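Step one of this worksheet: look at the structure below.
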Amino acid sequence: APSAQAAIPSVFGGDLSCAAQPSAGNIRLCSGPTTTFDGVTKVDVNVILPPEPASGPDGPYPTIGAFHGWSGSKFGLTEATRYWANSGYAVFSQSDRGWGNSCGGSDPDRFAPKCAKGYNHLMDTRYEVRDAQYLLSVLADENVVQPTKIGAFGGSYGGGLSMALAALKDRVMNADGSYSPWQSPLGKNMAIAAATPEIPWTDLANALMPNGDTLDYVADAPYMKRNRIGVSKSSWVAGLFATGLAGSNYATPGTDMDADVISWYLAINAGEPYDGNPIVTDVANEVMAHHSSYYIDHSETPAPLLMSNGWTDDLFPADETIRFYNRTRSEHPSADLSLFYMDYGHMRGQNKDADIAKLRDRQNAWFDYYLKGVGQKPFEGVETLTQTCPKSAPSGGPYFAPSWAEIAPGEIRGETVAAQTIQPLTSDPTRGEAYDPVAGGGACATAPSSDQTGAANLRFDPAPASGYTLMGSPTIVADINSVSPTAEIAARLVDVPPGGGAATLVARGLYRPTVGSAANQVFQLHPNGYKFEAGHVAKLELLPNDVPYARPSNLQLPITISNLELRLPVLEQPGSGLVCQPAAKVLPAGYDLAPGFSAGGSTASCNAAESGAGGGGGSTPTGLPGAVKPAKKCAKAGKAKKRRKQPTCKRRHRRHKLHS
């Protein structure tokens, strides 16, 4: 290893020479291929170093690992990497196996022995994640990297890698799925000190084929809780597969069943029945075991995590990190965790510059504190901005809460008792096309709001003069009678303007219902932060499919829905307008509540679909830190006195005040 007092001329044993970049303030770039932990496989990397110091040691440096998205490659001299290097960080970035010059589709070495195992493993914890850990540890042995002051940053595919690094923290996953301490070749103990994953997945099976079992108020929500394989997000799955086929390097079918992306895609695309299909079941088990941070052994507290997702991101929505947050809070109450949600990410995300700038500030402060000990401890809790249209309109907020359970103190509920039938052939392709994330019109696209024959519908009363702000996951509770084992329900929540007309998609969800007549089935739409303005109507549509976004079932039979209830968590306090105390959570068998959620709840009537109460009140966005403005008095409820262990009005408002 070179002396800590000498300048760094090269890294990875001389594989990469380092050169100053005068156009970037003389930060240094070390670029090229090296060999990963197996001693054979080629990985193409960049190491970006601060300017050579005029005096004193050149390293080791606190380090940020920056990881690319699907179809991307290693980070070069971007705005972010320049900023970090000029701020005293070393930056490490790799092209993941099967991408770029890490044996990717256009790599001249693709068919050489050094690329025999360099194919795309779909972000396997034992391969792509292990590559990053090993290469960082080599840099630690060369006194370039501080071994326990490493941060992880990345979006989408890179967000999944960042989540895995944070979940592992100071461990590696071996080829057999076991764990070992993360140590450098020379025996240094290594650890991730902080991570800021952007638009990541935590459960790849749930992200690509949701079954509806993820609830944002439970402590643990594993994908196969009901042993139901979900509904393929076909427009996204097809698009991702095609992109990888064109630019990546997939394993030859039949050669590696743990990375057989082509065979997986063909099996999924053939459609139902999935349950009992050994190939599809093996795919689900594989992506949970080795490609999803949610299933990494969680007996250890993860590294400090600032996780962010987009409300309008239909690929990796906000519930991907909410579920990780809830389980971690349940098992490790003192873990350093923060959530940041806004309208950004994959399509349909709007990615407003001002909103992203706020997130960047939070991320930089997170790294500065946990990697360099600079500044005050960052805010831990939930920060949100709302979706607004058009893109030029500023987002609402920011809003803050100390936990996910406290971000929405109020609830608006609507119900209809009469039975409705979802017919198999109900479909308006123009609506599905308008709302499709890949080929549609984006977050602000509109489509007709009229009821479709053969769909189940529920309309709320028009919003009062002050409106109300959805903040969280719309929850559906209903008696569902589904006779087909492969049927699905596609749910959309739309915003209907006064007088009807074109509606904006607010939230969507996919559910694989339990077969037979089952009372009180519960599932949720993906969360959003969205204000229903005065006179606007929240409308729920339950459909047999959401084509082209989701794959239609091979055997969709009629589904009867009765006692349909929709619950919308809102920023406004109970007692303002249509807003009520949140109802008791519906907890399916085998689930436990996440911290902060009460087993009790309002039993009073609160039907926004039948009553049109007006009123004022509302939430006040403030700067960090801040608070939701509490109502002056609690809502009265006819049965409130029968509830047990309910806080007083004063205590309840104090509990719902947001962090300050």
Side-chain angles (χ1 to χ4, degrees), residues 61-69 75 80-81 84 87 89-94 96 123 125 128-133 135-137 140 145-173 182 190-203 291-298 300-309 316 318 320-325 327-329 332 334-341 345 359-375 377-383:
Y61 295 101
T63 302
I64 296 174
F67 303 105
H68 65 81
F75 282 79
T81 60
W84 289 326
S87 299
Y89 293 102
V91 181
F92 167 82
S93 189
Q94 67 182 28
D96 297 321
M123 196 51 68
T125 311
E128 286 92 343
V129 179
R130 182 76 179 274
D131 290 338
Q133 292 177 304
L135 295 172
L136 283 163
S137 73
V145 167
Q146 293 182 17
T148 59
K149 294 298 181 181
I150 301 171
F153 164 86
S156 187
Y157 198 58
L161 198 162
S162 302
M163 285 294 309
L165 286 172
L168 291 165
K169 192 169 68 174
D170 57 3
R171 301 165 294 169
V172 298
M173 181 183 284
W182 179 16
M190 306 289 297
I192 298 295
T196 62
E198 283 192 26
I199 49 173
W201 80 87
T202 59
D203 184 341
H291 309 258
S292 302
S293 58
Y294 192 77
Y295 301 100
I296 289 173
D297 173 71
H298 42 93
E300 182 176 333
T301 305
L305 273 161
L306 167 57
M307 300 171 279
S308 58
N309 283 98
F316 300 146
E320 281 299 304
T321 46
I322 292 170
R323 67 208 303 268
F324 192 98
Y325 172 93
R327 203 217 17 225
T328 303
R329 275 277 171 261
H332 306 285
S334 61
D336 296 315
L337 301 174
S338 203
L339 300 173
F340 192 112
Y341 298 132
L359 175 60
R360 294 286 176 263
D361 288 343
R362 308 293 185 258
Q363 292 169 333
N364 290 330
W366 197 264
F367 284 139
D368 284 348
Y369 180 80
Y370 288 106
L371 301 187
K372 296 198 295 188
V374 174
K377 187 173 184 178
F379 167 74
E380 289 188 13
V382 185
E383 180 176 357

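Computation of the quantities below employed the complete heavy-atom set of this structure, encompassing side-chain atoms and omitting hydrogens, waters and symmetry-equivalent molecules. What you are looking at is a predicted structure, and each value in this text was computed from that prediction instead of being measured.
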### Task
Search all heavy atoms of Gly159 against all heavy atoms of Pro197 and return the closest pair with its distance.
O-CB, 3.7 Å
### Query
Closest approach of Gly160 and Pro200, non-hydrogen atoms and distance?
N-CB, 3.9 Å
### Message
When you compare the side chain of Met190 with that of Ile150, does any pair of heavy atoms fall below 4.5 Å?
### Response
yes
### Task
May I ask you to test the Gln94-Leu135 pair for a side-chain heavy-atom distance under 4.5 Å?
yes
### Task
Could you please spell out the steps behind the side chain to side chain donor-acceptor pair (under 3.5 Å) verdict for Tyr341 and Thr321?
CA-CA 10 Å; Tyr341 298 132; Thr321 46; 2.8 Å; yes
### Query
Is Lys372 close enough and on-axis enough to Tyr89, meaning under 6.0 Å and within 45°, for cation-pi?
yes
### Task
Taking the side chain as every heavy atom from C-beta outward, state whether Leu165 and Phe67 have any atom pair closer than 4.5 Å.
yes
### Query
Are Asn309 and Phe316 close enough, and set up right, to give a side-chain contact (heavy atoms from CB on, under 4.5 Å), and what steps lead you there?
CA-CA 7 Å; Asn309 283 98; Phe316 300 146; 4.3 Å; yes
### Message
Checking Ala335 now: which residues fulfil side-chain contact (heavy atoms from CB on, under 4.5 Å) with it, not counting sequence neighbours?
### Response
Thr301, Thr328, Arg329, His332, Leu337
### Task
Look at the side chain of Asp368 and the backbone N and O of Gly375, then say whether any donor-acceptor pair between them is shorter than 3.5 Å.
no
### Query
Can you tell me how far CE of Met123 sits from OG of Ser293, rounded to the nearest 0.5 angstrom?
11.0 Å
### Step-by-step side chain to side chain donor-acceptor pair (under 3.5 Å) determination, Arg130 to Gln133
CA-CA 5 Å; Arg130 182 76 179 274; Gln133 292 177 304; 5.1 Å; no
### Task
Spell out, as yes or no, whether a donor-acceptor pair under 3.5 Å connects the side chain of Arg171 to the backbone of Asp297.
yes
### Task
Not counting sequence neighbours, which residues clear ring pair (Phe, Tyr, Trp, His ring centres under 6.0 Å) with Trp182? List them please.
none
### Query
Taking the side chain as C-beta and beyond, is there a heavy-atom pair between Leu168 and Glu300 under 4.5 Å?
no
### Task
Verify side-chain contact (heavy atoms from CB on, under 4.5 Å) between Met307 and Glu198, making sure each step is shown before the conclusion.
CA-CA 6 Å; Met307 300 171 279; Glu198 283 192 26; over 6 Å; no
### Task
Determine yes or no for a side-chain-to-main-chain donor-acceptor pair under 3.5 angstrom, with Thr148 supplying the side chain and Ala191 the backbone.
no
## Note on the structure
Exactly one of Trp366, Tyr370, Phe340 clears side chain to side chain contact (heavy atoms under 4.5 Å, CB included) with Thr196, and that residue is Trp366
### Message
Counting the benzene-type ring for Trp, do Trp201 and Tyr294 have ring centres under 6.0 Å apart?
### Response
no
### Message
Working to the nearest 0.5 angstrom, can you tell me the gap between His298 NE2 and Phe324 CZ?
### Response
9.0 Å
### Query
Between Gln146 and Tyr61, does a side-chain contact (heavy atoms from CB on, under 4.5 Å) hold up when you go through it step by step?
CA-CA 5 Å; Gln146 293 182 17; Tyr61 295 101; 5.5 Å; no
### Message
Please report the interatomic distance OG1(Thr125) to NE2(His291), rounded to the nearest 0.5 Å.
### Response
7.5 Å
### Task
Can you measure from CD1 (Ile322) to OH (Tyr325) and round to the nearest 0.5 angstrom?
10.0 Å
### Task
Write out all pairs satisfying side-chain hydrogen bond (donor to acceptor under 3.5 Å, both in side chains) with one or both partners inside residues 157-169, taking only residues at least two apart or from two chains.
Asn120-Tyr157
### Task
State, to 0.1 Å, how close Ala303 and Ala194 come at their nearest heavy-atom pair, and which atoms those are.
CB-N, 4.3 Å
### Query
Any side-chain heavy atom of Glu380 sitting closer than 4.5 Å to one from Leu306?
no
### Summary
Closest non-hydrogen atoms of Ala193 and Pro304, given as atom of the first, atom of the second and distance, are O-CD, 3.1 Å
### Message
If I take atom CG from residue Asp96 and atom NE2 from residue His68, how far apart are they, to the nearest 0.5 angstrom?
### Response
3.5 Å
#### Entry: Ser338 side chain to Phe379 backbone, donor-acceptor under 3.5 Å
yes
### Message
Quick one, Glu320 and Ile199 - any side-chain contact, counting heavy atoms below 4.5 Å?
### Response
no
### Summary
Between Ala66 and Trp84 the two heavy atoms that sit nearest each other are CB-CZ3, 4.2 Å
### Query
Got Thr202 and Tyr295 here, is their nearest side-chain heavy-atom distance under 4.5 Å?
no
### Task
Could you walk me through whether Phe367 and Ile64 pass side-chain contact (heavy atoms from CB on, under 4.5 Å), step by step?
CA-CA 8 Å; Phe367 284 139; Ile64 296 174; 3.7 Å; yes
